[in-house]
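Quick notes on the structure that follows.
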Amino acid sequence: MPEATTFEGRCSCGEVRFRMSSPPLIVHACHCTECQRLSGGAFAINALIEADRVEILSGAPEPVPVIGTSGKPQSILRCPRCRVALWSHYPGGGTKLSFIRVGTLDEPSRLTPDIHIYTSTKLPWLALPPDVPAVAEYYSAREVWSKESLERSRRLRER
């Protein structure tokens with residue numbers, strides 16, 4: 001049986017439900033200090049996907065502006081009731097690109113990190129898997145993303 005290509009998720013209280021209509025472009029495990037702070041954990045796992053491939057099934061996530069460590073604003077989409085962060089829009093991709101919090105998916109185990117980023121600020125007690133790429137800061141998408149993801153990204157920039 002082929003694996004499903006959609007992914008559904010929700011906030012903690014269930015008011016906001018959403019669906020990703022395709023696999024993501026890439027999945028990051030981000031170890032920057034801002035993701036540590038915002039997630040309350042050792043890192044955040046984000047699935048990057050075109051915003052028009054994220055369908056809101058119920059509720060209305062509320063954008064909350066946050067100034068990141070770069071000094072640039074990002075918008076975190078949160079449930080208005082339980083305040084769980086569902087996804088973000090960062091300055092580089094704007095509102096066309098969503099960074100879905102993998103932990104909000106109904107089956108988060110279906111999306112494992114393709115790469116660990118900002119490992120220069122990784123917590124020292126955390127061991128990374130040896131079979132997953134890891135970089136000290138960020139990377140070049142041309143060198144890391146699949147051909148299909150690069151093509152989807154090109155089409156997204158042209159919109």
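In this structure, CD on E8 lies 8.5 Å from CD on E55, to the nearest 0.5 angstrom. To the nearest 0.5 angstrom, S140 atom OG is 4.5 Å from R142 atom CZ. The OG atom of S21 sits 6.0 Å away from atom CZ of R53, with the distance rounded to the nearest 0.5 Å. For the atom pair S146 OG and D114 CG, the distance stands at 8.5 Å (nearest 0.5 Å).
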Which is it for E137 and S120 under the side-chain hydrogen bond (donor to acceptor under 3.5 Å, both in side chains) test, yes or no, and what are the steps along the way? CA-CA 7 Å; E137 300 300 320; S120 64; 2.6 Å; yes
Would you check, one step at a time, whether the test side chain to side chain contact (heavy atoms under 4.5 Å, CB included) holds for D106 with R17? CA-CA 10 Å; D106 294 342; R17 287 201 55 78; 2.8 Å; yes
List the steps, then state whether salt bridge (charged side-chain N to carboxylate O under 4.0 Å, His left out) holds for D52 with R159. CA-CA 11 Å; D52 63 2; R159 291 186 205 160; 2.4 Å; yes
Evaluate the side chain to side chain contact (heavy atoms under 4.5 Å, CB included) criterion for residues H28 and V102: first the C-alpha distance (whole Å), next the side-chain angles of each, then the deciding distance (0.1 Å), finally the verdict. CA-CA 10 Å; H28 291 163; V102 171; over 6 Å; no
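With a 4.5 Å cut-off on side-chain heavy atoms, P63 and I76 do not count as touching. For the pair F7/F18, no side-chain contact is recorded, criterion being any heavy-atom separation below 4.5 Å from C-beta on. Contact annotation: the side chain of H89 approaches that of W87 to within less than 4.5 Å [non-hydrogen atoms, C-beta and beyond]. Between V135 and T119, every side-chain heavy-atom pair lies at or beyond the 4.5 Å cut-off. With a 4.5 Å cut-off on side-chain heavy atoms, Y139 and I26 count as touching. P73 is listed as a side-chain neighbour of I67, based on a closest heavy-atom distance under 4.5 Å. Using a 4.5 Å heavy-atom cutoff, the side chains of R152 and L156 are not in contact. Side chains of I49 and F99 form no contact here, defined as non-hydrogen atoms less than 4.5 Å apart.
Taking all atoms of both residues into account, the shortest heavy-atom contact from L126 to A42 is CD2-CB, 4.3 Å. The two residues L123 and Q36 have their closest heavy-atom pair at CD2-OE1, 3.6 Å.
The pair R110-E107 meets the salt-bridge criterion, with a side-chain N (NZ, NE, NH1 or NH2) lying under 4.0 Å from an Asp/Glu carboxylate O. A salt bridge does not link K96 with E50: every distance from a Lys NZ or Arg NE/NH1/NH2 to an Asp or Glu carboxylate oxygen is 4.0 Å or more.
Taking the six-membered ring for Trp and thresholds of 30 and 60 degrees, F43 and H31 have ring planes inclined between 30 and 60 degrees apart. By the 30° and 60° cut-offs, the orientation of the rings of Y118 relative to Y138 is tilted.
Residue-environment remark: CZ (R154) exceeds the threshold of 12 foreign heavy atoms within 6.0 Å.
With 3.5 Å as the limit, one finds no donor-acceptor pair spanning the side chains of R19 and T6. Side chain to side chain, R37 and T33 fail the donor-acceptor criterion of an N or O pair below 3.5 Å. Counting only N and O atoms by type, the side chains of R101 and S88 include a donor and acceptor under 3.5 Å apart.
Linking Ile, Leu, Val, Met, Phe, Trp and Tyr whenever their side-chain heavy atoms come within less than 4.5 Å leaves I100 and V64 in two separate clusters. Clustering ILVMFWY residues whenever any of their side-chain heavy atoms sit less than 4.5 angstrom apart, transitively, puts V27 in a cluster other than the one holding L97. A continuous path of Ile, Leu, Val, Met, Phe, Trp and Tyr side chains, each step under 4.5 Å between heavy atoms, connects L25 with L150, placing both in one hydrophobic cluster. V16 and M20 fall within a single hydrophobic cluster, where Ile, Leu, Val, Met, Phe, Trp and Tyr side chains are chained together by heavy-atom contacts under 4.5 Å. Cluster membership check: L77 does not share its hydrophobic cluster with L48, using side-chain heavy-atom separations under 4.5 Å among Ile, Leu, Val, Met, Phe, Trp and Tyr.
At distances below 3.5 Å, not a single donor-acceptor pair connects side-chain atoms of S149 with backbone N or O atoms of W145.
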Hey, can you pull the donor-acceptor pairs under 3.5 Å for the side chains in residues 78-86, sequence neighbours left out?
residue, atom, partner, partner atom, Å
R78, NH1, R83, O, 2.6
R81, NE, E15, OE1, 2.9
R81, NH2, E15, OE1, 3.1
R83, NH1, E62, OE2, 2.7
R83, NH2, E62, OE2, 3.4

